[in-house]
Asks: 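Attaching a single structure in structure tokens format; questions to follow.
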Amino acid sequence: MNELKSQQDYFLLSTVYDAESNGAGIKLFDVSSQKIIYFLDPYGHEPYCYSLEPLSELKAIEAEFPPNTVKRIVTTKKKDILNDSIVNPSQIVTVTPSEVPKVRDILKTHGWETWESRIKYHRNWLYDTQLVPGRKYWWDESNRKFISPQSISEGLEIPTPVIESLAKYSGLIQVFQDDFLQEIPNLPIVACDIETEYEEGQIPQSSDPKFPIICICLSDNNNNEIALVLSRKYVEKGKPWADVPQNLNIESFEDEKLLLRRTFEILKKYSVICSFNGDNFDFPYLHARARHLKIIKSSPILWNRRAKECNFRNAIHLDLYRFFHNVAIKTYAFGNKYQEETLDAIASALLGIGKISLNKGIAELTEWELIRYCLRDARITRDLLLYDNSTPLNLIFILARISRMPIDDLVRTSVSNWVQSLFYHEHRRRGYFIPNQSDIHLLKGGGTSTEAIIKGKKYKGAKVIDPTPGIHFNVAVLDFASLYPSIIGTKNLSYETLLCNHIECKKNIVPQTNYWVCSKNRGIMADIIGFIKDIRVMWLKPVSKENLSRKNFFQILERSLKVLINASYGVLGSDRFPLYCLPVADSTTAFGRDAINKTIEKAESLDITVLYGDTDSVFLLSPPKERINEIIQWSKKELEVGLEMEKVYKYVVLSQRKKNYFGVYEDGGVEVKGLMGKKRNTPPFLQDGFNEVLNLLSQVNNLEEFSKAKEKVKGLIKNIYAKLEKNKYSPEELSITMQLTQPLGSYKVNSQHVKAARQLENYHQELYMSKHNGKKYDEGFIKAGQLIRFVKTKEGDRVTPVELMSKDIKHDIKAYKSMIESTFDQLLGALDINLEELASGQINLMEFFN
DNA sequence: TCGATA
DNA sequence: AACGGCTTATCGA
């Protein structure tokens with residue numbers, strides 16, 4: 001430990017399970033040397049789990065533990081919030097972390113449970129030391145501990161009134177101030193991408209690394225770029241592309257071994273190594289290839305085959321594929337800006353630059369073409385991490401701090417892990433015993449108090465108000481700010497407060513259910529979620545708009561809290577979540593339905609017409625301003641949930657269907673919900689037509705203008721019909737896109753996209769067989785998750801994949817006509833364009849418009 | 001035509 | 001590897 005100096009800045013990045021020492025390994029970023037220091041646990045922390053059997057019983061079976069397993073068994077004291085009591089569990093301290101599962105198994109043979117035995121040791125270490133990944137520390141050699149010299153960075157202070165009003169959350173504000181309000185360090189970062197030799201139909205695999213690595217590109221955050229290329233005599237050099245970057249260094253190698261060694265040498269200079277799919281391909285392959293070439297000793301890659309992870313001893317690996325694949329990140333941090341999780345799709349959506357598109361295989365590229373292709377991948381991977389003032393990198397740091405997850409774990413795990421970690425940490429901080437999922441289930445029951453509307457769901461969800469169909473002018477939409485998190489916070493919902501064991505609490509009934517909520521103790525989930533919601537609304541949201549000098553930091557913090565808060569209810573409602581308690585999820589939606597119901601009543605009592613509403617919103621027909629304010633004030637007082645005026649529509653067109661409408665704002669902006677023309681499976685020619693019609697409608701200000709617009713709309717639709725009949729649309733424009741959710745072989749049904757997928761598979765197989773002496777390609781070309789694009793056609797299967805369309809295959813005009821009808825019927829059905837005659841089949845849409 | 005399923 | 005509610009298309013009885 002003597003390498004740590006006092007009064008020097010270190011950032012704790014990660015803790016890992018150190019297999020060699022069978023203990024915790026710690027990765028610290030040393031600011032002065034700009035390197036990661038790796039060392040073993042300096043705290044002498046001991047692994048353990050708990051048992052609720054009396055000490056004497058456990059001592060009696062001690063002989064069953066193999067030698068060097070259990071160090072000691074001691075009685076401890078913990079607060080058991082589930083039963084609102086104090087417990088004295090026996091703490092079984094083991095020699096190393098890997099003994100904990102063994103102890104668990106031995107106790108199980110006696111029918112005894114264990115607690116806190118499934119927490120990964122390197123995370124347990126963080127909860128007990130209360131050290132925070134992503135945070136800055138100093139080393140105090142005399143006490144052999146990390147200390148925090150100055151906790152809040154300049155300009156990030158929370159105003160006193162905010163601190164005071166958040167004091168009710170059991171010390172969470174103090175934790176927040178101490179641990180989260182600091183600079184994010186500047187780190188040496190490099191992105192890496194590799195290309196291998198390739199044969200058609202064969203995917204390079206780390207299990208059989210038979211193809212040489214022919215190019216490796218590295219791009220760092222200091223704008224250094226290196227391309228390492230294997231010279232191959234049979235490959236043309238080609239010509240450099242037009243704008244080869246000045247800073248690009250190209251190194252050529254005759255020998256692949258030297259190329260790999262040089263790569264390893266470069267990688268060792270960096271603290272953060274990022275990749276796109278590096279856990280699954282680039283680094284396993286690089287490592288396997290090093291083994292194949294017998295230079296494994298120079299590889300810095302630690303490959304965990306079972307966990308499908310690649311790590312580095314003196315760096316952290318961020319696989320951006322895994323981060324951007326995360327549903328919570330995709331939806332709440334990036335607002336679904338990208339739809340597919342490929343490097344090309346994500347980079348195109350966020351950076352506006354995708355991969356280089358190739359019209360030939362990797363094997364056919366000239367050396368320069370190969371460099372260009374590989375470099376682009378490395379560069380956009382780096383740029384994704386640094387996108388928008390390093391938003392992804394900063395999100396990773398802040399989320400790691402809040403959820404107390406090691407940075408590389410955070411990137412690889414889903415939001416339910418993050419919330420779990422956050423909750424576990426808070427239990428430890430407060431000295432609470434962490435219950436097993438079965439404890440909660442046994443005490444609170446698995447039954448629900450409500451019945452779900454949709455078959456197969458566990459409990460009832462949100463309320464959607466039946467829309468009043470038609471055109472409505474001047475419509476205000478009010479919505480509850482963070483409805484479910486607010487409810488969890490203000491109604492004190494938590495696994496221990498629902499159905500608590502106090503008789504006097506049984507009167508605090510959850511609306512329309514048989515549940516009651518504790519009024520004696522604050523719930524731990526209610527505290528954490530309520531606190532995050534409050535600090536975000538009270539402080540971060542306003543300050544991230546006002547404070548210009550610290551805007552960036554505040555925005556990132558605000559966004560991180562948004563990710564956690566928005567995902568929290570969903571996680572609580574999932575039976576895979578270790579602290580899952582069905583009554584909590586059930587009560588959350590029950591209070592939600594109650595809130596929207598009472599709001600409708602209130603609005604109607606003020607003579608305001610409620611046109612529509614969904615989960616947390618109400619659409620009000622031209623409400624006077626002062627009445628809106630009255631409703632907002634009432635909600636704050638009576639419901640304890642913030643209600644806000646979200647938007648005002650110049651007009652909104654509601655159909656008779658729920659979740660299907662479009663509205664036009666004062667500035668002409670259009671919002672479309674649920675309508676078919678917007679869905680991704682709708683053929684592009686219809687999407688385009690749909691958008692053009694919307695554009696016409698967005699210019700309408702009153703009823704008279706509608707009739708003018710209608711004429712134009714008619715013309716537009718007529719034109720679409722004509723083009724369809726005259727065969728003016730390309731197969732791409734006519735294509736219907738659907739995802740193959742299962743492997744092709746496991747489909748029992750023979751629906752359109754399955755038929756198309758089978759045709760494509762057969763086509764590729766035949767092509768392959770003709771090139772490989774009639775041998776089949778066993779793995780199959782069409783994989784689960786792939787998007788299938790097909791055209792509705794007249795012959796045979798009645799569908800043809802876009803790729804197999806040719807001049808002599810005709811599209812099915814009738815089928816497309818009915819698609820046009822249903823798409824525009826949805827859009828215009830609510831307008832006074834009467835399409836009933838169409839539905840009855842008397843005339844078609846084209847005749848109608850004539 | 002209707003329920004089940006994606 | 002977060003929830004439930006809702007709409008649409010298609011299959012098979």
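Order of the sequence lines fixes the chain letters, A, B, ..., with proteins taken first and strands second; residue numbering starts at 1 for each chain.
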Asks: Show me, pair by pair, the donor-acceptor contacts under 3.5 angstrom made by side chains of residues 731-738 of chain A, not counting sequence neighbours?
Replies:
{"from": "A:E733", "atom 1": "OE1", "to": "A:S730", "atom 2": "N", "distance (Å)": "3.0"}
{"from": "A:E733", "atom 1": "OE1", "to": "A:S730", "atom 2": "OG", "distance (Å)": "3.2"}
{"from": "A:S735", "atom 1": "OG", "to": "A:E732", "atom 2": "O", "distance (Å)": "2.8"}

Asks: Identify whether any heavy atom of A:Y332 sits under 4.0 Å from a base atom; if not, whether one sits that close to sugar-phosphate; answer base, sugar-phosphate or nothing.
Replies: base

Asks: Once you apply a heavy-atom cut-off of 4.0 Å, does A:Y459 come out as touching a base, just sugar-phosphate, or nothing?
Replies: sugar-phosphate

Asks: Which part of the nucleic acid, if any, lies within reach of A:A462 when heavy atoms closer than 4.0 Å are counted: base, sugar-phosphate only, or nothing?
Replies: sugar-phosphate

Asks: If you pin A:R657 and A:H325 to their nearest nucleotides in DNA chain C, which one's is more 5'?
Replies: A:H325

Asks: Among residues two or more places apart or on two chains, list those pairs meeting side chain to side chain donor-acceptor pair (under 3.5 Å) that have a residue in residues 524-534 of chain A.
Replies: A:Y169-A:D534, A:S170-A:D527, A:R430-A:D527, A:R522-A:D527

Asks: Would you list the atom pairs, donor with acceptor, under 3.5 Å between side chains in residues 395-408 of chain A and any protein atom, with sequence neighbours excluded?
Replies:
{"from": "A:R401", "atom 1": "NE", "to": "A:G134", "atom 2": "O", "distance (Å)": "2.8"}
{"from": "A:R401", "atom 1": "NH1", "to": "A:F180", "atom 2": "O", "distance (Å)": "3.2"}
{"from": "A:R401", "atom 1": "NH1", "to": "A:Q182", "atom 2": "O", "distance (Å)": "3.0"}
{"from": "A:R401", "atom 1": "NH2", "to": "A:G134", "atom 2": "O", "distance (Å)": "2.9"}
{"from": "A:R401", "atom 1": "NH2", "to": "A:E183", "atom 2": "O", "distance (Å)": "2.9"}
{"from": "A:S403", "atom 1": "OG", "to": "A:L399", "atom 2": "O", "distance (Å)": "2.6"}
{"from": "A:R404", "atom 1": "NE", "to": "A:R401", "atom 2": "O", "distance (Å)": "3.4"}
{"from": "A:R404", "atom 1": "NH1", "to": "A:D179", "atom 2": "OD2", "distance (Å)": "3.3"}
{"from": "A:R404", "atom 1": "NH1", "to": "A:H425", "atom 2": "NE2", "distance (Å)": "3.3"}
{"from": "A:D408", "atom 1": "OD1", "to": "A:S14", "atom 2": "OG", "distance (Å)": "2.7"}

Asks: Taking side chain to side chain donor-acceptor pair (under 3.5 Å) as the definition, give me every residue that meets it alongside A:Y484, ordered by chain and number, with sequence neighbours left out.
Replies: none

Asks: Mind telling me whether A:H427 and A:Y495 have parallel, tilted or perpendicular rings, with 30° and 60° as the class edges?
Replies: parallel

Asks: If the condition is side chain to side chain contact (heavy atoms under 4.5 Å, CB included), which residues does A:K598 pass it with, not counting sequence neighbours?
Replies: A:D594, A:W634, A:L639

Asks: May I ask you to say what A:K460 touches in the nucleic acid, namely base, sugar-phosphate or nothing, with a heavy-atom cut-off under 4.0 Å?
Replies: sugar-phosphate

Asks: If you take any heavy atom closer than 4.0 Å to DNA chain C, which residues from residues 556-570 of chain A end up in contact?
Replies: A:Y569, A:G570

Asks: What residues, two or more places apart in sequence or in another chain, satisfy side chain to side chain donor-acceptor pair (under 3.5 Å) together with A:N436?
Replies: A:E113

Asks: Protein-nucleotides 2-6 of chain B N/O pairs closer than 3.5 Å?
Replies:
none

Asks: Please classify the nucleic acid contact of A:K658 as base, sugar-phosphate, or nothing, using heavy-atom distances under 4.0 Å.
Replies: sugar-phosphate

Asks: Which part of the nucleic acid, if any, lies within reach of A:I454 when heavy atoms closer than 4.0 Å are counted: base, sugar-phosphate only, or nothing?
Replies: base

Asks: List for me each residue that meets side chain to side chain donor-acceptor pair (under 3.5 Å) alongside A:T513, sequence neighbours excluded, and say none if there are none.
Replies: none

Asks: Reading DNA chain C 5' to 3', which nucleotide is the first, and which the last, to come under 4.0 Å of any heavy atom in chain A?
Replies: C:dA2 to C:dC11

Asks: Suppose we screen for ring pair (Phe, Tyr, Trp, His ring centres under 6.0 Å). Which residues come up paired with A:F480, at least two apart in sequence or across chains?
Replies: none

Asks: Could you tell me whether A:K792 contacts a base, only the sugar-phosphate backbone, or nothing, with contacts defined as non-hydrogen atoms closer than 4.0 Å?
Replies: sugar-phosphate

Asks: Quick one: which residue pairs count as a salt bridge (charged side-chain N to carboxylate O under 4.0 Å, His left out) with a foot in residues 325-335 of chain A, not counting sequence neighbours?
Replies: A:K330-A:E341

Asks: So A:F324 and A:F334, would you call those rings parallel, tilted or perpendicular, with 30° and 60° as cut-offs?
Replies: tilted

Asks: Pick base, sugar-phosphate or nothing for A:D614, based on heavy-atom distances below 4.0 Å to the nucleic acid.
Replies: nothing

